[in-house]
Novice: 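Sharing a structure, written as structure tokens. Questions coming.
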There are 2 protein chains.
Amino acid sequence: MTQRSYQRLGEDARRNALLEATLDCLAEDGMGGASVRKIAERAGVSAGLIRYYFLSKDEMVHAAYAYLMGNLTGAAAESARMASEGPAQALAHFIAANVKHPNLSSRKVSLWATFIGRVRSGQRYAQIHRESYREFLDLLEALIHPVLTQHNLPAGPATCHSHAIALNGLIDGLWIEGSLGHGLYDPARLPRIALSAAEGILRLPNDTLTHPFAH
Amino acid sequence: MTQRSYQRLGEDARRNALLEATLDCLAEDGMGGASVRKIAERAGVSAGLIRYYFLSKDEMVHAAYAYLMGNLTGAAAESARMASEGPAQALAHFIAANVKHPNLSSRKVSLWATFIGRVRSGQRYAQIHRESYREFLDLLEALIHPVLTQHNLPAGPATCHSHAIALNGLIDGLWIEGSLGHGLYDPARLPRIALSAAEGILRLPNDTLTHPFAH
DNA sequence: CACGTTATTATACAAATGTATAGTATTCCG
DNA sequence: CGGAATACTATACATTTGTATAATAACGTG
């Protein structure tokens with residue numbers, strides 16, 4: 001009975017496992033407490049292995065940030081694609097998806113915030129932030145435009161861009177506070193609040209987004 | 001010529017200097033890099049002194065968080081009090097103040113985010129967050145109510161509360177992205193975007209907040 | 001089944017960390 | 001001005017940190 005003392009994993013499998021472990025530790029202990037050793041232990045691996053896959057701990061944390069943001073916007077974009085009933089539904093689904101499970105998660109917000117806190121002084125963090133933010137903004141702008149034209153509202157590039165900025169702010173802010181679960185209100189109210197506010201921002205008739213099937 | 005090698009400061013002066021130094025280091029290096037020694041050096045003080053004023057490094061960081069949040073909401077509330085032309089102006093000033101200098105600051109957002117990242121696992125952080133968030137929400141609600149009644153809009157407690165949540169999200173989100181200065185748009189556009197979006201959220205007539213003197 | 005490749009572990013190390021303690025210098029009060 | 005109170009420094013210490021290196025075990029291939 002020769003029990004293997006460890007298992008060799010393929011390049012990608014182990015890399016992802018390490019990134020997940022990094023995020024786990026970062027969510028729990030923050031940048032101050034997520035040490036190489038804790039991360040390795042969480043991944044069920046010896047500490048030395050990390051530097052076999054990454055040039056340094058920093059490089060791994062950067063990679064974990066990019067990995068997280070990819071998952072976040074990916075999930076929201078997915079839920080917009082699912083909605084095939086029309087532009088308003090797609091936008092509504094996209095907005096709602098950002099303030100509902102699984103995106104509404106204290107773990108995800110904690111991670112996001114921890115990384116955002118490094119954007120100012122870390123070039124690499126800033127770059128990842130800029131890219132993922134731009135992606136989100138573009139996505140939003142593309143969803144907004146058809147809805148505006150559908151309702152004969154001004155839909156020039158400048159208008160769409162401003163609206164995208166405002167909607168992005170709204171979504172981010174609600175997502176953050178809702179995820180942290182401070183207990184000051186029920187997070188289940190968030191989708192309705194977000195959609196109603198979005199209607200107002202875009203100057204859409206009431207219930208265009210909250211009850212999109214009536215239109 | 002007996003040059004003094006150090007100066008004795010009063011309890012509060014030194015305490016505040018230490019808190020400011022803590023925030024400086026935290027903004028630059030995050031939780032991972034803000035060590036007791038760096039903080040002490042920034043404050044022009046020996047490392048040991050920190051534990052004369054605080055029970056532990058953790059306690060000092062917690063205190064720095066509370067200190068920061070007090071300053072943030074304090075500044076915004078101040079700018080609302082300044083506006084004496086009426087409810088709409090007060091609300092408009094409050095909203096705009098949050099997406100303008102000096103609140104629109106990468107340093108402040110970095111600090112805010114760094115702390116938010118710890119709210120999930122640190123009880124003390126969570127408590128400070130909850131308190132400062134509630135304060136902000138209450139402030140907003142009190143500003144919203146008179147504006148709604150002034151325009152004969154529904155202004156029940158539930159409505160005001162929902163609107164406050166939405167506005168808070170909007171403000172937070174714009175504040176964060178605007179402060180980080182990713183270069184995707186000019187932050188000078190933020191006050192107008194925020195006020196226009198706020199009008200929509202509250203279903204106010206156009207220009208009620210963006211040009212409040214016409215009303 | 002051997003064998004070479006390499007994914008993985010184990011150990012080592014200097015630097016940095018938070019904290020404890022003892023000593024020193026400043027300030028205030030009589 | 002002298003001397004007590006204490007704000008402050010200096011040093012020491014055990015841990016933990018990221019990283020480097022050498023040894024080892026797993027796996028694919030012949």
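Predicted model, so just to flag it, every value in this text is computed and none were measured. A, B, ... follow the sequence lines: proteins, then strands. Residue 1 opens every chain.
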Novice: Grab the CG-C1' distance between B/L49 and C/dT26 for me, whole Å please.
Specialist: 13 Å
Novice: Give me the ring orientation class for A/Y185 and A/H182: parallel if the planes are under 30° apart, tilted from 30 to 60°, perpendicular past 60°.
Specialist: perpendicular
Novice: For A/H62 and D/dG18, give me the distance from atom NE2 to atom P, rounded to whole Å.
Specialist: 14 Å
Novice: Can you see if the side chain of A/R51 gets near the phosphate of D/dG18 - specifically, an N or O under 4.0 Å from OP1 or OP2?
Specialist: no
Novice: If I take atom CE from residue A/M69 and atom CG from residue A/N71, how far apart are they, to the nearest 0.5 angstrom?
Specialist: 10.0 Å
Novice: Are A/F136 and A/L140 packed together at the side-chain level, in the sense that at least one heavy-atom pair is separated by less than 4.5 angstrom?
Specialist: yes
Novice: Please give, in whole Å, the distance from D/dC8 P to B/L9 CG?
Specialist: 6 Å
Novice: What distance separates A/C160 SG from A/L137 CG, expressed to the nearest 0.5 Å?
Specialist: 11.0 Å
Novice: How would you label the contact of A/I50 with the nucleic acid (heavy atoms, under 4.0 Å): base, sugar-phosphate, or nothing?
Specialist: nothing
Novice: Evaluate the side-chain proximity of A/I39 to A/M60: yes if any heavy-atom separation is below 4.5 Å, no if none is.
Specialist: yes
Novice: For B/L55 and C/dT19, what is the distance between atoms CG and P respectively, to the nearest whole Å?
Specialist: 10 Å
Novice: B/R8 has an atom CZ; how far is it from atom P of C/dT27, in whole Å?
Specialist: 7 Å
Novice: Once you round to the nearest 0.5 Å, how far does CD of B/E28 lie from CG of B/L111?
Specialist: 11.0 Å
Novice: Using 30° and 60° as the class boundaries, would you call the ring planes of B/W112 and A/W112 parallel, tilted or perpendicular?
Specialist: perpendicular
Novice: For DNA chain C, determine which residues of residues 35-48 of chain A have any heavy atom closer than 4.0 angstrom to one of its atoms, and list them numerically.
Specialist: A/R37, A/V45, A/S46, A/G48
Novice: Quick one: which of D/dT6, D/dA26, C/dG18 gets closest to the side chain of A/S5?
Specialist: D/dA26
Novice: Can you sort out which residues in residues 17-31 of chain A have a heavy atom within less than 4.0 Å of DNA chain C? Ascending by number, please.
Specialist: none
Novice: Expressed as a whole number of angstroms, how long is the span from A/D58:CG to D/dT19:C1'?
Specialist: 12 Å
Novice: Reading DNA chain C from 5' onward, which residue's closest nucleotide shows up sooner: B/G32 or A/Y6?
Specialist: A/Y6
Novice: Can you tell me how far C1' of C/dG18 sits from CE of B/M60, to the nearest Å?
Specialist: 11 Å
Novice: Compute whether any side-chain donor of one residue and acceptor of the other, for A/R130 and A/Q127, lie under 3.5 angstrom apart.
Specialist: no
Novice: Angle class for the A/Y125/A/H62 ring planes (parallel below 30°, perpendicular above 60°, tilted otherwise)?
Specialist: perpendicular
Novice: Find the distance B/Q7:CD to C/dT27:C1' and express it as a whole number of Å.
Specialist: 11 Å
